[in-house]
Amino acid sequence: MAPVVVHAPDGEGGRRVVARGRILGTAHNVMDVLDMLETVGLERSHVRLDDPQLIEWRGGGAYEWAPGSG
């Protein structure tokens with residue numbers, strides 16, 4: 001399992017972000033995800049959004065944020 005999980009969009013288009021079991025918050029776009037990952041020590045310049053060893057995208061990929069689409 002990847003250390004970061006971005007859950008399916010909720011009814012408002014937010015996606016819960018969890019890193020190593022710790023809930024970081026709800027992201028509403030990719031930039032929010034990158035900001036949250038910086039808080040746990042991952043530099044955005046080193047984060048590949050398409051790296052399945054780092055991020056598991058549930059209910060859609062990095063660019064799917066429509067409410068309830070997951």
Side-chain angles (χ1 to χ4, degrees):
M1 175 187 267
V4 177
V5 176
V6 180
H7 291 268
D10 62 20
E12 297 175 6
R15 298 177 78 166
R16 183 185 319 154
V17 180
V18 179
R20 294 188 175 97
R22 176 179 160 207
I23 298 171
L24 302 182
T26 301
H28 289 90
N29 55 53
V30 171
M31 296 306 290
D32 287 349
V33 173
L34 293 172
D35 289 343
M36 290 178 192
L37 295 181
E38 282 188 334
T39 69
V40 294
L42 294 172
E43 293 182 40
R44 69 179 62 222
S45 62
H46 294 107
V47 173
R48 284 190 38 227
L49 296 173
D50 62 347
D51 180 359
Q53 299 298 314
L54 176 63
I55 304 174
E56 176 185 345
W57 295 92
R58 294 184 182 170
Y63 299 99
E64 296 180 44
W65 296 86
S69 66

Quick check: closest heavy atoms across Ala66 and Pro9, and the distance to 0.1 Å? O-CB, 3.2 Å
Taking side chain as C-beta onward, heavy atoms only, is Asp10 less than 4.5 Å from Pro67? no
Please say yes or no: joined through hydrophobic side-chain contacts below 4.5 Å, possibly via intermediate residues, are Leu42 and Val6 part of one cluster? yes
Using a 4.5 Å cut-off on heavy atoms from C-beta on, say whether the side chain of Leu37 contacts that of Ile55. yes
Transitive ILVMFWY side-chain link Met1 to Trp57, under 4.5 Å: no
Do Val17 and Val40 sit in one hydrophobic cluster, given that two such residues count as connected whenever their side-chain heavy atoms are within less than 4.5 Å of each other, even indirectly? yes
How would you list all residue pairs meeting salt bridge (Lys or Arg N to Asp or Glu O under 4.0 Å) that involve residues 23-45, not counting sequence neighbours? Asp35-Arg44, Glu38-Arg44
Same cluster for Met36 and Tyr63 if Ile/Leu/Val/Met/Phe/Trp/Tyr side chains link at under 4.5 Å? yes
Please report the shortest heavy-atom distance between Val33 and Trp65, naming the atom on each side. CG2-CH2, 3.8 Å
Could you tell me which non-hydrogen atom of Pro52 sits nearest to which non-hydrogen atom of Ala2, and how far apart they are? O-CB, 3.5 Å
Write out all pairs satisfying salt bridge (Lys or Arg N to Asp or Glu O under 4.0 Å) with one or both partners inside residues 47-56, taking only residues at least two apart or from two chains. Arg48-Asp50, Glu56-Arg58
Answer with yes or no whether the hydrophobic clustering places Val18 together with Leu34; edges join I, L, V, M, F, W, Y residues whose side-chain heavy atoms lie under 4.5 Å apart. no
Verify, without hydrogens or angle tests, whether Arg15 (side chain) and Ala8 (backbone) share a donor-acceptor contact under 3.5 angstrom. no
